Amino acid sequence: MIKLLSSSKWKQLILFTVAVLLIPQILPSDYYFLILNIIALNAIVVLGLNLLIGFAGQISLGHAAFYGLGAYISGILTASYGWPIFLSIPVAVLTTAIVGLLVGIPTLKLEGHYLVMATLGFNIIVSIILVQWDAMTGGPSGLAGIPYLKAFSISIDSDRKFYYLVWAVLGVLFCLSLNLIDSRVGRALRAIGEDPISASALGIPVERYKVGIFVVSALYAAVAGSLYAHYVTFISPKTFDFFYSIEVVTMVVVGGIGSLWSGLAGAAILTMLPEILEIVKEYNVLVYGAVLMAVLVFFPEGLLPGIKKLWQKRQGQVHE
Amino acid sequence: MNKDTNNSRIILQAMELDKSFGGLKALDCITFSLSEGRISALIGPNGAGKTTLLNVISGMEAPDSGRIFLEDSDITGLKTWEITKRGICRTFQSGRVFQNMTVLENVLTGMHTSANSGWLAGMFHWPWERKEEKELKTKALGLLELFSLADVAYEPVSNIPLILQRKLEIARALGSSPKLLLLDEPVAGLNMKETEELGETIRNLSRFRITILLVEHDMNLVMSLADWIIVLQHGQKIAEGKPLEIRNNPEVISAYLGNQ
């Protein structure tokens with residue numbers, strides 16, 4: 001048995017697992033599973049993106065494209081060509097990773113705004129292909145008839161069943177990411193994020209690692225995308241336009257850059273917020289924007305680190 | 001193997017290095033060599049080309065022409081990380097330790113080239129990866145001990161004073177087990193007492209049997225540390241020799257120490 005984790009992380013992860021297993025018992029209706037599932041899918045994308053942005057310091061506004069490629073490739077292979085899902089998902093994920101590599105090699109030579117523009121451009125190109133390549137993708141009206149996930153004789157055809165699957169996948173990827181940060185590669189990525197010149201002077205091949213983490217984050221997005229396709233069984237290009245890229249980057253920033261737990265919080269909060277804001281009806285977009293602004297003004301380092309700081313300050317005052 | 005006149009091995013040989021920025025010749029046909037185990041100092045007035053020379057040796061800038069050999073292999077034009085991997089590590093003027101890491105993590109990052117674990121090993125923490133990490137950590141703590149930094153090993157760098165950050169930067173550089181260590185103004189910004197302390201640290205590096213090239217403005221420090229001094233002015237090498245010879249060289253005195 002491989003020892004997956006060091007002991008220090010166990011406490012948090014056991015809490016996490018218990019919460020994931022308990023929540024279904026207390027949920028009043030199946031509608032909430034839909035939201036929780038979307039949270040998990042977003043959290044998987046955010047997880048990879050947080051490694052890229054928060055640790056290696058590289059911003060991408062193109063991850064909706066990787067999410068979309070994962071969804072469309074697995075969707076097309078199963079719906080149009082009758083591939084079994086246990087083959088279509090790995091092929092979708094690997095193909096997306098290769099696209100990530102091909103995009104990453106030239107674009108990651110760029111820095112700052114230029115990298116943002118290049119990845120944004122890539123996202124727009126993929127969006128156009130998804131809309132225009134009618135024969136393959138179903139065009140603007142989308143791709144229907146994607147089969148549900150099926151393992152042995154169990155078909156994952158309900159929100160409740162998908163909940164366990166997607167949160168398990170998130171849990172595994174979360175552990176792998178925590179491990180990665182706490183390793184030689186993780187230190188190299190953090191070094192690059194803080195000071196690439198110093199990093200290269202210590203013998204770290206900066207460009208190679210930047211491309212590496214870009215590919216890993218694309219891979220995570222593709223995993224989420226392919227799961228999404230077999231969950232909703234119908235996909236259309238609009239889901240994967242660059243607004244989604246902005247949304248996931250916002251989740252990283254609002255949650256708190258550079259901490260995986262904060263990213264999870266960001267994904268949860270920003271996925272739920274629009275649902276909660278249903279109560280203010282037509283003002284929901286306005287309030288959504290105001291909430292985002294308030295978070296960034298009052299907690300510039302992100303919601304979770306900000307609240308933690310406030311809490312510590314309070315504790316300090318009590319002791320005095 | 002190349003030997004110098006004292007029959008010690010030559011670690012680095014620079015041959016006719018040229019480097020221009022626009023019309024300005026930052027390095028003009030620079031040739032010199034560094035012998036194993038010696039502390040050599042690179043001095044010269046501001047704008048003499050010292051930092052440019054350091055950048056060229058460490059691969060941060062490519063020379064316009066000329067060659068650099070590390071021991072017997074040609075390293076001209078290699079990337080910085082490749083040069084570090086082959087055995088030249090540098091520190092930076094005004095210091096560049098990773099502020100968001102702990103002291104120990106800084107040294108572990110400096111040991112990047114002495115470990116092998118890749119992406120999958122990092123994600124799955126295979127048993128051999130854990131073993132390698134453990135060995136790395138033991139080695140790093142040992143290194144911190146030698147620099148009297150063991151007490152602050154788990155402190156974030158932003159919590160420790162400047163003098164310790166400077167020591168840490170040298171310790172971090174040694175993590176890559178370099179044959180040649182380039183120190184770019186290590187005592188800039190330190191007071192006299194701290195300067196003496198860091199000078200002692202640098203002197204003690206001889207136990208690692210490594211060769212040092214020191215760029216420094218503090219002449220007292222240079223005279224007390226260096227076995228060999230190379231003097232640059234306007235991108236040209238105007239003299240080199242033992243500290244006493246340099247101190248009495250009229251050309252150096254007029255160029256660098258001022259007319260007296």
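Quick caveat, the model's predicted, so the values are computed rather than measured. Naming: A, B, ... by sequence-line order, numbering from 1 per chain.
- Only the side chain of B:Leu136 comes within contact range of chain A, with at least one heavy atom under 4.5 Å from a heavy atom of that chain.
- Between A:Val216 and B:Met123, the closest heavy-atom pair is CG1-CE, 3.8 Å.
- For A:Tyr164, the OH atom is densely surrounded, since the number of other residues' heavy atoms within 6.0 Å is greater than 12.
- The distance from atom OG of A:Ser183 to atom CZ of B:Phe124, rounded to the nearest 0.5 Å, is 12.5 Å.
- With A:Glu194 contributing its side chain and B:Asn100 its backbone, the two residues share a donor-acceptor pair below 3.5 Å.
- Although no hydrogens or angles enter the test, the distance criterion places no donor-acceptor pair under 3.5 Å between the side chain of A:Arg184 and the main chain of B:Gly122.
- With a threshold of 4.5 angstrom between heavy atoms, B:Phe98 approaches chain A through its backbone and through its side chain.
- A salt bridge links B:Glu105 with A:Arg190: the closest approach of a Lys/Arg side-chain nitrogen to an acidic carboxylate oxygen falls below 4.0 angstrom.
- Listed by first then second residue, pairs satisfying ring pair (Phe, Tyr, Trp, His ring centres under 6.0 Å) with a partner in residues 139-171 of chain B number zero, not counting sequence neighbours.
- Looking at B:Glu82, neither its backbone nor its side chain comes within 4.5 Å of chain A, counting heavy atoms on both sides.
- Heavy-atom neighbours of B:Glu155 CD from other residues, nucleotides or ligands within 6.0 Å: above the threshold of 12.
- Looking at B:Trp119 and A:Leu180, their side chains come closer than 4.5 Å, going by heavy atoms from C-beta outward.
- Looking only at heavy-atom pairs under 4.5 Å with chain B, the residue among A:Gly212, A:Gly258, A:Ala191, A:Ser177 that has the most is A:Ala191.
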Practice task
Given side chain to side chain donor-acceptor pair (under 3.5 Å), test A:Arg187 with B:His112 step by step and report yes or no.
Solution key: CA-CA 9 Å; A:Arg187 284 189 299 270; B:His112 187 84; over 6 Å; no
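- Residue with the most contacts toward chain A among B:Leu182, B:Thr113, B:Leu108: B:Leu108 (heavy-atom pairs, distance under 4.5 Å).
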Can you list, pair by pair, the side-chain donor-acceptor contacts under 3.5 Å of residues 197-204 of chain A, counting residues two or more places apart and other chains?
from: A:Ser198; atom 1: OG; to: A:Asp195; atom 2: OD2; distance (Å): 3.4
from: A:Ser198; atom 1: OG; to: B:Arg96; atom 2: O; distance (Å): 3.0
from: A:Ser198; atom 1: OG; to: B:Arg172; atom 2: NH2; distance (Å): 3.3
from: A:Ser200; atom 1: OG; to: A:Ile197; atom 2: O; distance (Å): 2.9

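- Between chain A and the options B:Met111, B:Gln99, B:Lys79, B:Arg90, heavy-atom pairs under 4.5 Å are most frequent for B:Gln99.
- Both the backbone and the side chain of B:Met101 come within contact range of chain A, with heavy atoms under 4.5 Å apart.
- Counting non-hydrogen atoms of other residues, nucleotides and ligands closer than 6.0 Å to CD1 of A:Ile59 gives a total of 12 or fewer.
- When heavy atoms are compared at a cutoff of 4.5 Å, A:Leu173 does not approach chain B at all.
- With a threshold of 4.5 angstrom between heavy atoms, B:Ser58 does not approach chain A through any atom at all.
- No more than 12 heavy atoms of other residues, nucleotides or ligands lie within 6.0 Å of NZ in B:Lys85, so this atom counts as exposed by the packing criterion.
- No more than 12 heavy atoms of other residues, nucleotides or ligands sit less than 6.0 Å from atom CZ of A:Arg208.
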